[in-house]
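Each chain gets a letter, A, B and so on, in the order its sequence line appears, and its residues count up from 1. The shown structure was predicted, so the numbers you read here are calculated from the model rather than taken from an experiment.
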Protein chains: 4
Amino acid sequence: MKTFDRIVYGSLALFNEHGVNDMTTNHLAAHLGISPGLLYYHFRNKEDIIRSIFNLYEEHLNAGFQPYQDEKLDVALFIGYFDTMFETVWKFRFMYSNLTTILNRDQEISKRYKLTQQQALDRSSQILHKLKADGVLAIDSDRVTPLADTMRMIAGFWIDYKQTHSSSKHVTKAFLYEGLLRVLMLFRAHSTPEYCAMFTRLEQHYQQLMNSYATPDTDSESALMPI
Amino acid sequence: MKTFDRIVYGSLALFNEHGVNDMTTNHLAAHLGISPGLLYYHFRNKEDIIRSIFNLYEEHLNAGFQPYQDEKLDVALFIGYFDTMFETVWKFRFMYSNLTTILNRDQEISKRYKLTQQQALDRSSQILHKLKADGVLAIDSDRVTPLADTMRMIAGFWIDYKQTHSSSKHVTKAFLYEGLLRVLMLFRAHSTPEYCAMFTRLEQHYQQLMNSYATPDTDSESALMPI
Amino acid sequence: MKTFDRIVYGSLALFNEHGVNDMTTNHLAAHLGISPGLLYYHFRNKEDIIRSIFNLYEEHLNAGFQPYQDEKLDVALFIGYFDTMFETVWKFRFMYSNLTTILNRDQEISKRYKLTQQQALDRSSQILHKLKADGVLAIDSDRVTPLADTMRMIAGFWIDYKQTHSSSKHVTKAFLYEGLLRVLMLFRAHSTPEYCAMFTRLEQHYQQLMNSYATPDTDSESALMPI
Amino acid sequence: MKTFDRIVYGSLALFNEHGVNDMTTNHLAAHLGISPGLLYYHFRNKEDIIRSIFNLYEEHLNAGFQPYQDEKLDVALFIGYFDTMFETVWKFRFMYSNLTTILNRDQEISKRYKLTQQQALDRSSQILHKLKADGVLAIDSDRVTPLADTMRMIAGFWIDYKQTHSSSKHVTKAFLYEGLLRVLMLFRAHSTPEYCAMFTRLEQHYQQLMNSYATPDTDSESALMPI
DNA sequence: AATGAATGAGCATTCATTCAT
DNA sequence: AATGAATGAATGCTCATTCAT
């Protein structure tokens, strides 16, 4: 792998594990087995590294979150959305954990982040509107965007919340599926009677997945990479 | 006021405004009009100050969140809960914004925080169970705790979420009421048909309050202190 | 002596000896026997130290260069001016050696330096005009300021020039008196016939002083402090 | 042009514009459109580049400053000398601006510089002696070398002095002619009555040139290249 | 000749903490 | 209780120089 990419992906991993603040550029270089100078040969400064990671984040978000068109409206469709949602949050979880710090320190990222999030929210709202039109959701029109926003918030802060509110530090798939079930619960609470069963089935699907991964402390490090 | 308390309350205010990381102990002392030495006369270190703030947080949480007993089950009861909920989050908002940092740096606070949160969750669950028994909520028993947990999460991260996802940095009451409405939306989605009207009324109540405070950029600093 | 003053005077000495660029803040602290932190406790940054040295420079310049009033126009008067001129340049010689660097790096000092120099030039011109009126100098009015300016330039860059153009690095009094004689030569070349003898006498005075100090390489370090 | 020469001439231009300290070897390479490695293929280190520039400087100095022989002793002769003098200083102005730094960092250049300067001073003195013999200058024999030395100093530090003592940073021809006029003033002050008129005429010549270029802030970049 | 990735010692500066008074 | 000078390890970053290709 190119050094540039090694730095981007390595920093992403280290930021995820230790947080942006605790991961100094010298530590970063040491962990990557390179000199501090090389880091600054490829990137102007620490923020510049984060900006490159943010590029990946944007790609992920834009790629995985498009309104459905001709796809059949079934369990698989939802599974696709949910998996994408939590996978993205997981892969870039340092961003959510250190959001305030990151956005305060870099005006450019701040702008891009807000734009990206607005677009993601717009697309999510579209999807929910379509689900309402397709008879899946029973919900007032003016509640669609707030609902999408709440779901986004739950997905975004779930890892952070869970890590700070549970005894185990390690994040497992079981961990993530629990968050997913919360979003699902929101869906179910707003679903039409006809589709309630589908959401129940989805819940069972993820409940089973969650249980199958629920081997709390014996999880190896590699097992943490989810989905 | 005793110097000890001046430090505790002053630090709380300064942490809320500037964040734990940006507020150095020297700045803290300077803002409080005392010497750095005096800070360390009263507290062993920075974490020790946070621990004292945490004592206040615990009191607040325990005082304001008791299951209702003989009170009439009406709008006022809910308003009481909701106001307490968001007031607590507001008063100690630095804790939520810097939760990961704080808990990672201090094992003792980490343990106490988790215990406190567990107790708060237990009491919240009790309240929801009672609401179910009293015919307010239509919800499976095993969904009560997850619902309470989701509500807690929304309340806890709302300020953080809103500050990072909206263009205005200032936190206003309107700001907080919007979060409250989201929790209310969750209640409403799980309410029995009989009580749906009550939640709609509650929504109208907070919607009005929110609108009355919605004077975006003309808010003076003092107006920001909510509830 | 107060730490603040120790830093100011110590830095002045070290800047004079090693130059501003080669004298890092860490070296500065080490040479002064203090920690880097203490340096930054008393001064915001390196420029701030230079600014404090500049205060001394301004005092020196303003104190020693006032137009004469009731004083007798004799050899002693000139000796007073000349000694002040070269003493100032000697004491703050790092400023002249690193002038471009210093002024480029600090807008504030740049402004103050130019103002100070303009004032010094104005006062010098006044003195020369008075000397012309008193029958000492035979010179067109419009050449007075250029002459004063040339003298200033010679005095200002003499040490720098001499250090870079002679084999011995050490600056001795003999060294400085040679520069003084150059300024004197300028005076003499523009003097009236009546006063030519006085300038010759002044030259002899400084020539003798110069010779008495002319023991090139045996000068001890302390002997370098001139005038 | 050979890469070697491109580096030499390019570095000269960049050092003149930005100073030796601010022009890093990496910037140098970037500006020249070559790799840092190539720089170090042709030169051992930064000092080595300066040494090669110094070769050009020596050639310039030696070529342009030979005592006159059969030439007619007129205005044109002086114009030739003066123009050469200031042209050389201009073309290698970075050397004067950073003289202390350069000489301190490289013993070899230091020795060569001093030798070169001594030779130039000797030749200048010869010229002045000849001018005295030809009845142009009225000056004691033992003042000839000091006078030549003072002139050299004024020429050498003029740009530096002017840049640090005037508000405009840009160096224009008008700028340089002012310095030339100062040297001329020295000549005139030591001239015989017969030749005084000639120096006055020379002053008028340069005064006119200076005025013709005196368009302070509208000078385009290219107009800055003088003489 | 030429590239450009890589090095590592060094720089200005910060900040939680200590301690003599 | 209180001061405030003092510490020193650490931080983000720079730059002359090297070296495999």
Q | Salt-bridge criterion met for Arg105(D) and Asp22(C) (N-O under 4.0 Å) | A | yes
Q: Starting from P on dA2(E), measure out to CZ on Phe4(D) and report it in whole angstrom.
A: 13 Å
Q.
Just the rounded figure in Å: distance from C1' of dA1(E) to CG of Asp5(D).
A. 15 Å
Q) OP1 or OP2 of dA2(E) sitting under 4.0 Å from any side-chain N/O of Thr3(D)? A) yes
(Q) Considering every strand and a 4.0 Å limit on heavy-atom distances, what is the contact class for Ile34(D): base, sugar-phosphate, or nothing? (A) sugar-phosphate
Q) What's the CZ-P distance between Phe15(B) and dA16(E), to the nearest Å? A) 9 Å
Q) What residues form a side chain to side chain contact (heavy atoms under 4.5 Å, CB included) with Ser35(A), not counting sequence neighbours? A) Leu38(A)
Q. Roughly how far apart are Ile159(C) CD1 and Asn16(C) CG, rounded to 0.5 Å?
A. 8.0 Å
Q) When you check every protein heavy atom under 4.0 Å of nucleotides 14-21 of chain F, what one-letter string (B, S, -) results, 5' to 3'? A) BBBBBB--
Q) Can you check the Tyr41(B) OH to dA16(E) C1' distance for me, whole Å? A) 20 Å
Q | Lys/Arg-Asp/Glu bridge criterion (N-O < 4.0 Å) met for Asp48(B), Arg51(B) | A | yes
Q | Value rounded to 0.5 Å, distance of OG in Ser52(A) from CD in Glu47(A) | A | 12.0 Å
Q. How are the rings of His18(A) and His31(A) set relative to one another: parallel (under 30°), tilted (30 to 60°) or perpendicular (over 60°)?
A. tilted
Q) Looking only at side-chain N and O atoms, does His42(B) come under 4.0 Å of OP1 or OP2 in dA2(F)? A) yes
Q: Indicate yes or no: does Glu108(A) engage Arg112(A) in a salt bridge with an N to O separation below 4.0 Å.
A: yes
Q) How many Å lie between NE2 on His18(A) and P on dT11(F), as a whole number? A) 13 Å
Q) Looking at Phe54(A), Tyr57(A), Phe15(A), which one forms a ring-ring contact (aromatic ring centres under 6.0 Å, His included) with Phe94(A)? A) Phe15(A)
Q: Tell me the stems DNA chain E sits in, counting at least three consecutive Watson-Crick or G-U wobble pairs, each under 3.5 Å on both distances.
A: E:2-21 with F:2-21
Q. Do other residues, nucleotides or ligands put more than 12 heavy atoms under 6.0 Å from the OH atom of Tyr9(B)?
A. no
Q) Given atom CZ of Arg105(B) and atom P of dC15(E), what is their separation to the nearest angstrom? A) 12 Å
Q. Taking CG from Leu28(D) and P from dT3(E), how many angstroms apart are they, rounded to a whole number?
A. 14 Å
Q. Does OP1 or OP2 of dG4(F) have a side-chain N or O of Ser35(B) closer than 4.0 Å?
A. no
